[in-house]
Amino acid sequence: MIVVARTAQGRTYSELGGTGGWRDPVEMSIAITKAPGDIKLPPEWRDTYVPVLLDYDKSDKSWSIVTTFYYCETWHALGRPILPYIEYRSVNGAPWQRVPLEERLIDRKANMLTGPSTDGEPSFVTVEEKERIQLRAGSKYQRILRRWGGEEGNGCNF
């Protein structure tokens, strides 16, 4: 089991009679606090993108975080990449580096909660709770999509 501490910081808004939400940008962070065996932990990751997948590759002792975004304006600012993801890697505890999205991660099921509540979250979420909550997320937050865009009905306007 891997235990992750997460934060989300940003400006919030509320709607009359609604639940409200986050205003862009929201800074997210991930700190891995527990991993099996003698796996070297990476440093804390921090950015304005939304983490959707955390992976550890034993062959080269690397951690990967695949992220995406909440707002289409961010996708436009990134140059409208074909897939809506950004990957970061940390090898053997080194600082996180932004790298091209690895093919081995495409089609993988997301394993990170992607919609932190502006009202706060429980201090510990079990795997079962996480999977139940994740069912309400959009498609790009549930799986690392191979196809994305207007034609797929799951993308931003081009």
Side-chain angles (χ1 to χ4, degrees), residues 1-10 21-22 24-118 120-149 154-156:
M1 176 173 37
I2 295 172
V3 178
V4 176
R6 297 194 53 187
T7 65
Q9 292 182 307
W22 295 101
D24 191 25
V26 176
E27 183 180 79
M28 304 273 184
S29 75
I30 293 177
I32 301 165
T33 60
K34 179 183 176 185
D38 61 348
I39 295 175
K40 185 158 177 95
L41 301 181
E44 180 181 57
W45 173 89
R46 185 177 297 276
D47 208 327
T48 58
Y49 303 113
V50 182
V52 292
L53 177 71
L54 175 65
D55 181 75
Y56 181 74
D57 186 344
K58 287 188 260 185
S59 66
D60 67 356
K61 299 180 179 176
S62 69
W63 290 90
S64 294
I65 295 176
V66 178
T67 67
T68 190
F69 48 84
Y70 281 134
Y71 306 101
C72 287
E73 293 83 4
T74 306
W75 176 71
H76 286 263
L78 288 168
R80 301 177 181 187
I82 294 171
L83 293 179
Y85 303 104
I86 301 139
E87 181 182 346
Y88 293 85
R89 278 184 96 205
S90 171
V91 179
N92 204 25
W96 291 100
Q97 299 292 318
R98 192 168 160 179
V99 298
L101 181 63
E102 296 173 82
E103 176 68 27
R104 71 181 184 84
L105 299 174
I106 296 175
D107 290 329
R108 292 270 306 272
K109 182 179 175 184
N111 59 13
M112 302 290 293
L113 286 176
T114 57
S117 169
T118 57
E121 296 287 344
S123 61
F124 186 81
V125 177
T126 66
V127 172
E128 293 80 18
E129 290 171 311
K130 179 179 63 121
E131 289 179 358
R132 188 182 73 251
I133 293 166
Q134 197 67 3
L135 291 174
R136 297 189 305 254
S139 60
K140 76 175 181 173
Y141 304 113
Q142 291 184 7
R143 175 169 302 282
I144 307 305
L145 301 174
R146 182 168 295 281
R147 296 174 50 104
W148 185 80
N154 60 9
C156 296

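Everything quoted here is computed from the prediction, not taken from an experiment.
Ile65 CD1 to Asp55 CG: the interatomic distance, rounded to the nearest 0.5 Å, is 10.5 Å. One finds the OH atom of Tyr49 at 14.0 Å from the CD atom of Glu87 (value rounded to the nearest 0.5 Å). Considering CG of Leu83 and OG1 of Thr68, their distance stands at 9.5 Å, rounded to 0.5 Å.
The shortest non-hydrogen separation linking Tyr85 to Leu145 is OH-N, 3.1 Å. Considering all non-hydrogen atoms of both residues, Arg143 and Lys109 come closest at NH1-N, 3.6 Å. Considering every non-hydrogen atom in both Leu105 and Val66, the closest pair reads CD1-CG2, 3.7 Å. Between Pro43 and Ser90, the shortest heavy-atom distance links the atoms CD-OG, 3.7 Å. The heavy-atom pair separating Leu53 from Met112 by the smallest distance is N-CG, 3.7 Å. Across Trp63 and Pro42, no two heavy atoms sit closer than the pair NE1-CD, 3.3 Å.
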Worksheet item: Would Arg104 and Ser64 satisfy side chain to side chain contact (heavy atoms under 4.5 Å, CB included), going step by step from the backbone distance to the final call?
Response: CA-CA 11 Å; Arg104 71 181 184 84; Ser64 294; 3.6 Å; yes
Fill in: Trace of the side chain to side chain contact (heavy atoms under 4.5 Å, CB included) decision for Ile106 with Leu101
CA-CA 8 Å; Ile106 296 175; Leu101 181 63; 3.9 Å; yes
Item to complete: Start with the C-alpha distance between Phe69 and Val50, add both sets of side-chain angles, then the distance that settles side chain to side chain contact (heavy atoms under 4.5 Å, CB included), and finish with yes or no.
Response: CA-CA 5 Å; Phe69 48 84; Val50 182; 5.6 Å; no
Worksheet item: side chain to side chain contact (heavy atoms under 4.5 Å, CB included) between Asp60 and Arg89: does it pass, once the steps are laid out?
Response: CA-CA 11 Å; Asp60 67 356; Arg89 278 184 96 205; 2.5 Å; yes
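Applying the side chain to side chain donor-acceptor pair (under 3.5 Å) test to Asp57 and every residue at least two apart in sequence or in another chain returns Ser59.
The existence of a salt bridge linking Arg146 and Glu103 is confirmed by a sub-4.0 Å separation between a basic side-chain nitrogen and an acidic carboxylate oxygen.
With hydrogens and angles disregarded, a donor-acceptor distance shorter than 3.5 Å links the side chain of Thr33 to the backbone of Val3. Asn92 places no side-chain N or O within donor-acceptor distance of the main-chain N or O of Lys61, the cut-off being under 3.5 Å. A side-chain donor-acceptor contact under 3.5 Å links Thr67 to the backbone of Ile86. For Trp75 (side chain) and Pro81 (main-chain N/O), a donor-acceptor pair under 3.5 Å exists by modelled atom type.
Between Tyr88 and Trp45, the ring planes lie perpendicular to each other; the angle is over 60°, past the 30° to 60° tilted range.
Between Pro51 and Met28, some side-chain heavy-atom pair lies under the 4.5 Å cut-off. Looking at heavy atoms from C-beta onward, Asp47 lies out of side-chain contact with Ser29 at the 4.5 angstrom threshold.
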